[in-house]
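I have placed the structure first, in the form of structure tokens, so that the comments after it can refer back to it.
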Amino acid sequence: MVAESSNQSAPELNQGCSAADLELLAAWLRPLQTALTLEADRGFGDLQGRQERFHNFLVRQLGEPPPIALPADSRARLQDFVVSYRDYPGLPEASRRRLVTITRQWLHGLRQRLEPTRPMAPPRLRVVESSAPQRSADGQGTFALDAPLSRVKGIGPKLAERLASLGLLLVRDLLLYYPRDYVDYSAMRRIEALEPGTTATIVATVRRCHGFTSPRNPNLSILELQVQDPTGRLKVTRFLAGKRFSSPAALHTQTRQYPVGATVAISGLVKSGPYGLSFQDPLIEVLESASAPVRSPQIGRLLPVYALTEGLTADRLRKLVALVLPAAQHWPEPLSADRRDALELISRPLALDQIHRPKDRDALQRARRRLVFDEFLLLQLGLMQRRAAHRQRQAPCLEGVGQRDGLVGRFLSLLPFDLTAAQQRVLAEIEVDLAKAEPMARLVQGDVGSGKTVVAVAALLNAVDAGWQGALMAPTEVLAEQHYRSLCQWLTPLHISVELLTGSTSRPNRRRMLTDLANGTLRILVGTHALIEDPVDFSRLGLVVVDEQHRFGVRQRNRLLSKGLQPHLLTMTATPIPRTLALSLHGDLDVSQIDELPPGRTPIQTRQISGSDRDQAYDLIREQVEAGQRAYVVLPLVEESEKMDLRSAVDVHRQLAEEVFPDCSVGLLHGRLNSADKQAVIQAFARGDCQVLVSTTV
């Protein structure tokens, strides 16, 4: 009988089963354990249930185990239990007690046997907080924020010169010299959970320590430790450079630091070798006990990594930062406590402390969030200040703006289409700005084909109608020439003079344009960066339009604006920028958006395809070409760059023309072509003679 078998206790452990099988097992075990508990509580009297007695329920339930993969010995044991419980009513009370007890123990063991083994929890490590604040050289307290670094103890003239090469002159500079990365030694691991290529910290016991001099290099000694924790063993190697470590006495002194049985905390990079995982030259500290705190400023912590210069080591810079870090408590706090609480921000002094000496990842994230907030706040305040100063200037007063009985009305009547509601709204916003005495600064966003250029031309005609000149600047000659052709087509019937000025403009034409521009005969000038050159002088510049404004710097834009008496500024971009981001990047500009395509325009579909699925894009191009359409392939580089791992337009053109689309005409367009060749390629593509055009961002 089961009750008399000494070997029929809890089953052996195994590797466990799936989550679904565990749910079935739990559903089967739950009523069994409930019945066994009730039988024990009621004195083992074969309890009468609602439908059957205890022993009958046990016989039925144990005889119908769940449909899961039970070990063979478990099924045999269940059958033994079934036989025993059939005889349960005739057993004495002591035998009943033993049978119920053994059954409960065995069922509990079965569940433990089938449940997956849980990994052992990582070790705990107590770290000692930083020491008291360092005092300044005069002993009067922590360093002042504007104190020279030469007053910091340990910084001599040579070190001060090296710090100055990094732009670090004052204590304030060193506090603002944020780490570029962090080595995460705060990840506590058991040996069995270590992964190669990751940094981690373990707490283990020394099993063996052996030191020897390298047979290949007499100036290099090696210390090998074998350590273990409850989950496994690991080899730890330390390298001791210098002849002073090669003597037997020196090696013996080193090995005595790690006696057998000592508890050590080890932080480093886990490496994989022919003999398994190991730590090579890690940080090691011998602990007084397993629960004793670690005193190292590096072990078990997030270690900051700074940009360095020649003659300045990482440890040296960390120590210098630690010396001046107490001065962060004197950093002024611009935000009130209520404002910080509302924005869930920590204080500025605490953020500076935690960015250099974070307690954990959460503290680091909070510090970063506060410092990033401050940078954006200063950026926004600077942009608002610049915008306020901009509005204080006197701008050209464009009289009669918004009326439709002049050039703008005639221009709109010549168009073969009506402006969309979005175009009319944006044009109205521009005309309101042009009528003010303060200079306009407005950004117009809109998809390709949304009609930004038409709105810009109407704005230029408003300036011309009021007696002023206009300028339209584009980032490339190709785009400037496209704008010039569009303006010639639209403005020639209105008898408005338009010229194109680029780097390719001949010297005689340039002289004629500059003369007409200076005397006011030329009303609208289209061009590239050539517009900002010194010889270009407007008579009465009233409006500047900048296309693809993100391609120009602020100084380039301002140089063009300086050629007039604070002219109005209208910038355009087809780059989709969310409004909140646009206000952050262009806080000195009002933002208008043309969010409606003209009737008949097919909505643009954007798809992202990985490099391994490039054939899908080629199939789509081939399908469109066979349907009579054309395709662009745009790349950032003309030729391969050693610094940038990008495919060049020249190489892709060769591949597409020779291998992918040998039956199609494949063209090539980039900025190094002269104007005539560019126009020939563009016209061939426009006519359909070229079906696939490989181009740079020109």
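Values below: every heavy atom of this structure, side chains too, minus hydrogens, waters and symmetry copies. Remember, it's a predicted structure, so these values are computed and weren't measured experimentally.
- D184 meets the salt bridge (Lys or Arg N to Asp or Glu O under 4.0 Å) test with R361; sequence neighbours excluded.
- Expressed to the nearest 0.5 Å, how far CD1 of I621 lies from CD of Q629 amounts to 13.0 Å.
- No donor-acceptor distance shorter than 3.5 angstrom exists from the side chain of S95 to the backbone of L91, with no hydrogens or angles considered.
- For P304, the side chain to side chain contact (heavy atoms under 4.5 Å, CB included) partners are P179, Y182, Y306, R318, not counting sequence neighbours.
- Partners of E64 under the salt bridge (Lys or Arg N to Asp or Glu O under 4.0 Å) rule, at least two apart in sequence or in another chain, do not exist in this structure.
- Side-chain atoms of L302 and V183, non-hydrogen and from C-beta on, never get closer than 4.5 Å to each other.
- For residues 39-60, every residue pair satisfying the salt bridge (Lys or Arg N to Asp or Glu O under 4.0 Å) rule, not counting sequence neighbours, is listed here: E52-R60.
- Annotation: side chain of F54 is not in contact with side chain of N56 (no heavy-atom distance under 4.5 Å).
- For D619, the salt bridge (Lys or Arg N to Asp or Glu O under 4.0 Å) partners at least two apart in sequence or on another chain are R622.
- Heavy-atom minimum distance, V206 versus P259: CB-O, 3.5 Å.
- Salt bridge status for D362 with R366: absent, with no side-chain N to carboxylate O gap under 4.0 Å.
- Taking 4.0 Å as the cut-off between side-chain N and carboxylate O, K235 and E224 count as a salt-bridged pair.
- For R238, the salt bridge (Lys or Arg N to Asp or Glu O under 4.0 Å) test picks out no residue, with sequence neighbours left out.
- Checking side-chain atoms of R96 against main-chain N and O of F44 turns up a donor-acceptor pair under 3.5 Å.
- A distance-only check finds a donor-acceptor pair linking the side chain of D360 to the backbone of A363 [under 3.5 Å].
- With salt bridges taken as basic N to acidic carboxylate O contacts below 4.0 Å, none links E344 and R339.
- Between H55 and F57, the ring centre distance reaches or exceeds 6.0 Å.
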